[in-house]
Amino acid sequence: MKTQVTTIAAAIALALSFSAQARDYENSTINNSANTGSNPAFNSQESIRSGLNGFDRADMRTSLIIQNGDNNNAETDQYGDAQYSRVAQKGNDNSSYVFQSGNEHESIVYQIGDANKSKVIQQGGERNDSFVHQEGNGNESTVAQFWNTSLSDSIVEQFGDNNSSDVYQAYNTDETWSFVHQDGNNNEAKVIQVAADLSASYIYQGGDGHMADVFQSGRNNVSTIRQNVSYGGAAAATHSQVGHNNSAISTQW
């Protein structure tokens, strides 16, 4: 048991390093030529990404849940400011729910196993960070950041089969950043950013049969979808933007 806990604790530490890497979008594709059209648009968002540094803050009030087994469930509710939630689950049919209300919260969910689900809700505060890492089959991830959550970011990494990701950032969420990296079969990603200016969505999919859908309303927003179909299968990328001075780039190879 001690070894199992140590292993999961190490996974959480690794998740911290992933959160920093996820903001370096240039390392998210193995095809350098795909950077030519996409990276200039994201370079204009550099100040936004560098400002989303919640993972660098020192822990103050922390909830840590570690579960190793079948059919487990984890729930975390935090109110106020500067709350930290860590959830690590290894096993089958696990589920995690995190709710944080206020400013400068951080949530990390790390799941390894089959049929896991994760839901993170952060509302009513600025500079909230959500990081989800899932490895396994049939995983799902839902992240919702809304109601005056400017300068917040969501990072989702999924490696496995039949994964899906839904990111919802809405209503006075200026300068928000959404990053989705999926590597596996039959994955789907959907990002919605509403009433968001100077925000960015970046989706990278390396695998078979992936679909990506992004909707943005506001000004000076950027959406990039990169899909590596060299592994076989089909891919679909859809951008829908309402507002002025928005940029959308799809790269498929």
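In this chain, residues are counted from 1 in sequence order.
The aromatic rings of Tyr168 and Phe146 sit tilted relative to each other, their planes meeting at an angle between 30° and 60°. Below 30°, between 30° and 60°, or above 60°: for Phe99 and Tyr97 the angle between ring planes is below 30°, a parallel geometry.
When side chains are defined from C-beta on, Phe131 counts as touching Glu157, because their heavy atoms get closer than 4.5 Å. By the 4.5 Å heavy-atom criterion applied to side chains, Glu104 and Asp81 are not counted as neighbours.
Of the candidates Asn246, Ile249, Ile225, His239 forms a side chain to side chain contact (heavy atoms under 4.5 Å, CB included) with just one, namely Ile225.
For the 3.5 Å distance criterion, the side chains of Asn220 and Asp197 fail to qualify, holding no donor opposite an acceptor.
Counting only distance, with no hydrogens or angles, the side chain of Asn163 and the backbone of Asn187 share no donor-acceptor pair below 3.5 Å. In this structure, Asn128 contributes its side chain and Gly102 its backbone to a donor-acceptor pair below 3.5 Å. The main-chain N or O of Gly80 is found under 3.5 Å from a side-chain atom of His105 such that the two form a donor-acceptor pair. A donor-acceptor pair under 3.5 Å links the side-chain atoms of Ser217 to the main chain of Ala195, judged by distance alone. Not a single donor-acceptor pair under 3.5 Å links the side chain of Thr173 to the backbone N or O of Gln145. Remark: side-chain polar atoms of Ser150 are paired, donor with acceptor, to backbone N or O of Asn172 under 3.5 angstrom. Within the 3.5 Å criterion, the main-chain N or O of Ala196 finds no donor-acceptor partner in the side chain of Gln216. Ser240 places no side-chain N or O within donor-acceptor distance of the main-chain N or O of Phe215, the cut-off being under 3.5 Å. Side-chain N or O atoms of Asn103 include one that pairs as donor or acceptor with a backbone N or O of Glu126 at under 3.5 Å. Side chain of Asp153 to main chain of Thr176: no donor-acceptor pair is present (N/O by atom type, distance under 3.5 Å, no hydrogens or angles).
Across Ser96 and Gln89, no two heavy atoms sit closer than the pair CB-OE1, 3.8 Å. The two residues Ser118 and Gln111 have their closest heavy-atom pair at CB-OE1, 3.7 Å. For the pair Gln227 and Ala235, the tightest heavy-atom approach, listed with the atom from each and the gap, is OE1-CB, 3.6 Å. Closest of all the heavy-atom pairs between Arg127 and Ser152 is N-OG, 3.5 Å. Among all heavy-atom pairs drawn from Gln158 and Gln182, the shortest one is OE1-NE2, 2.8 Å. Summarising the geometry of Asn139 relative to Asp114, their closest heavy-atom pair is OD1-C, 4.3 Å, with the distance given to 0.1 Å.
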**Asked** Yes or no on side chain to side chain contact (heavy atoms under 4.5 Å, CB included) for Ser199 and Gln169, after CA distance, side-chain angles and deciding distance?
**Response** CA-CA 10 Å; Ser199 295; Gln169 297 171 318; 5.9 Å; no
**Asked** Between Arg226 and Tyr202, is a side chain to side chain donor-acceptor pair (under 3.5 Å) present by the stated rule, with each step listed?
**Response** CA-CA 8 Å; Arg226 290 177 176 162; Tyr202 180 83; 2.9 Å; yes
**Criterion side chain to side chain contact (heavy atoms under 4.5 Å, CB included) on Met211 and Asp213, from CA distance to verdict** = CA-CA 7 Å; Met211 298 179 63; Asp213 192 340; over 6 Å; no
**Item:** Arg86 vs Glu106, side chain to side chain contact (heavy atoms under 4.5 Å, CB included): CA-CA, chis, key distance, verdict
**Value:** CA-CA 9 Å; Arg86 308 283 193 272; Glu106 175 182 297; 2.8 Å; yes
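For the atom pair CG (Asp166) and CD1 (Ile192), the distance works out to 7.5 Å, reported to the nearest 0.5 Å. For the atom pair CG of Asp129 and OH of Tyr84, the computed distance is 9.0 Å after rounding to the nearest 0.5 Å. One distance of note links CG of Asn186 with OG of Ser164; it measures 11.5 Å at 0.5 Å rounding. From Asp174, atom CG reaches atom CG of Leu198 across 7.0 Å, with rounding to the nearest 0.5 Å. Rounding to the nearest 0.5 Å gives a distance of 5.0 Å between CD of Gln134 and OG of Ser141. One finds the CD1 atom of Ile66 at 12.5 Å from the CG atom of Asn72 (value rounded to the nearest 0.5 Å).
Clustering ILVMFWY residues whenever any of their side-chain heavy atoms sit less than 4.5 angstrom apart, transitively, puts Tyr79 in the very cluster that holds Ile121.
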